[in-house]
Amino acid sequence: MGLTDPSKRLEAIPPYMFAELERKVAAKKAAGIDVISLGIGDPDTPTYPYIVEAMRDAVADPSTHHYPSNRGRAEFREAFARFYDRRFGVEIDPESEVMPAIGAKECIYNLCFAFLDPEDVALASDPGYPVYTGGPVLAGAEAVLLPLEPELGFAPDLDAIDPLAWSNARLLFLNYPNNPTGAVAPEGLFERVVELARRHDVLVVHDNAYSETTYDGYVAPSFLATPGAKEVGVEVFSLSKGFNMTGWRCAAILGNAEAINTYWRLKTNVDSGLFEAVQLAGVAALDGPREPLAEMNAVYARRRDLVVGALREIGVEVEAPKGTIYVWAPVPAGHTSTTFAELVLEQAAVVVSPGSMYGPSGEGFFRISLTTPDDRIAEAVERMREHLAA
Ligand SMILES: Cc1ncc(COP(=O)(O)O)c(C=O)c1O
């Protein structure tokens with residue numbers, strides 16, 4: 001073993017396959033070419049002012065300067081209970097059914113360490129947020145992929161899951177509205193998931209990162225609003241996307257009290273909780289007005305229409321998503337996800353994400369993020385129209 005060799009667990013994470021694409025982007029930028037990135041999903045506009053003001057007050061209050069408790073401040077848990085009641089019609093006990101997380105990413109990763117042993121399985125949507133597979137592998141367990149089927153509205157075919165995978169499974173990761181496909185939860189999916197989770201004793205983890213970012217009148221539900229969901233599952237709610245707070249690391253886990261307690265036991269060994277000033281800013285966000293979110297969604301909807309319109313003009317068959325900040329589109333015939341992303345970069349100096357970044361079932365697609373200012377999106381779309389029409 002060399003001095004700096006990584007652990008076998010880290011080595012088991014598939015190699016990063018897009019280094020070459022990143023190298024090409026860097027080379028173009030170094031050559032002075034104006035590259036427009038539609039890759040990453042990180043809101044381009046600032047956190048809403050009332051949240052920043054609450055943070056300013058909270059950070060000036062010395063009571064926030066100590067180690068936080070992993071359970072979180074009562075104000076934060078109570079604000080989540082109010083929000084879940086008002087927004088989703090879900091009753092949450094602020095004492096036992098909600099706890100802060102340092103972002104959804106932390107929460108998903110640590111849930112793997114709280115619940116998975118070697119030989120255990122986590123069932124993970126494919127394509128999906130990479131931590132659903134990286135977390136289980138780093139925990140020494142196995143991720144079994146659940147392909148999201150376009151003809152099922154990007155739901156997994158739950159009846160196709162191998163009985164052995166069911167019997168070894170301890171966690172099932174789902175995410176609607178979905179990154180990267182932009183799909184919203186197909187009717188009846190959550191009910192069926194609750195039924196199967198009960199039958200197979202699997203803890204459902206619903207990643208609710210995008211419920212506040214929806215269009216065309218669609219209102220995303222909470223998984224916890226499904227009858228029986230709290231018996232078999234938890235939901236991770238992140239303030240990152242809907243409230244433009246990606247840098248703040250503010251999220252919570254809600255639902256099954258025993259599962260949340262197990263997550264807490266793990267976390268007491270790992271981190272020291274979420275900065276209390278951030279928790280108080282989270283309270284302001286959750287209790288605050290809905291207008292800024294509606295305005296933000298109107299901006300994304302406008303950008304979405306621009307992107308979808310331009311892609312259709314160049315012959316890409318694409319559906320306008322009802323949620324998330326992404327447009328998910330099939331690559332033109334004759335291309336893989338990667339060769340198409342390279343072509344777009346070469347010809348239009350625009351970065352799109354190859355669908356295969358999100359798992360094998362993402363092959364044949366590419367993802368465009370809507371978190372770039374209007375004028376830059378318009379410019380990117382214009383370049384794609386000009387250079388890729390053929
Ligand atoms: C589906 C999904 N879950 C979780 C996250 C990360 O959320 P957070 O910023 O709360 O860690 C992202 C970010 O892109 C995401 O797309």
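Whatever order the structure lists ligands and atoms in, that order sets their numbers, starting from 1.
Of the charged side-chain nitrogens involved, at least one lies within less than 4.0 Å of a carboxylate oxygen, so that Glu212 and Arg87 count as a salt-bridged pair. Taking the charged nitrogens against the carboxylate oxygens, Lys230 and Asp93 have no contact shorter than 4.0 Å, which rules out a salt bridge.
For ligand 1, one of its N or O atoms has an N or O atom of Tyr210 under 3.5 Å away.
In terms of modelled atom types and a separation under 3.5 Å, the side chain of Arg367 and the main chain of Gly39 share a donor-acceptor contact. Looking at Arg82, its side chain never comes within 3.5 Å of a backbone N or O of Asp287 through a donor-acceptor pair.
When each of Leu38, Val350, Val331 is checked for a side-chain contact (heavy atoms from CB on, under 4.5 Å) with Val344, only Val350 meets the rule.
With respect to atom 1 (C) of ligand 1, the closest heavy atom belonging to the protein is Asp207 OD2, 3.2 Å. In terms of protein heavy atoms, atom 9 (O) of ligand 1 is closest to Ser240 OG, 2.6 Å. Distance from atom 6 (C) of ligand 1 to its nearest protein heavy atom, with residue and atom name: Tyr129 OH, 3.3 Å.
If you number the atoms of ligand 1 from 1 as listed, the ones under 4.0 Å from a heavy atom of Ala209 come out as 2 (C), 3 (N). Each of the following atoms of ligand 1 lies closer than 4.0 Å to a heavy atom of Asn179: 1 (C), 15 (C), 16 (O). Atoms of ligand 1 lying under 4.0 Å from any heavy atom of Gly103, numbered from 1 in the order shown and given with element: 10 (O), 11 (O).
Both the backbone and the side chain of Ala104 come within contact range of ligand 1, each with a heavy atom under 4.0 Å. By the criterion of a heavy-atom distance under 4.0 Å, the side chain of Tyr132, and not its backbone, is placed next to ligand 1. Contacts with ligand 1 closer than 4.0 Å are made by side-chain heavy atoms of Lys241 only, the backbone lying farther away.
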- So Ser369 and Thr371, side-chain hydrogen bond (donor to acceptor under 3.5 Å, both in side chains) or not? Walk me through it. CA-CA 6 Å; Ser369 165; Thr371 54; 2.8 Å; yes

- Message: As a quick check of understanding, evaluate ring-ring contact (aromatic ring centres under 6.0 Å, His included) for Phe83 and Phe237, giving each step before the final call.
- Response: CA-CA 11 Å; Phe83 181 80; Phe237 184 96; 5.3 Å; yes

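A heavy-atom separation below 4.0 Å is found between Arg249 and ligand 1. Residue contact annotation: Asn175 has a non-hydrogen atom under 4.0 Å from ligand 1.
Judged by the 6.0 Å and 45° rule, Arg170 forms no cation-pi pair with Phe115.
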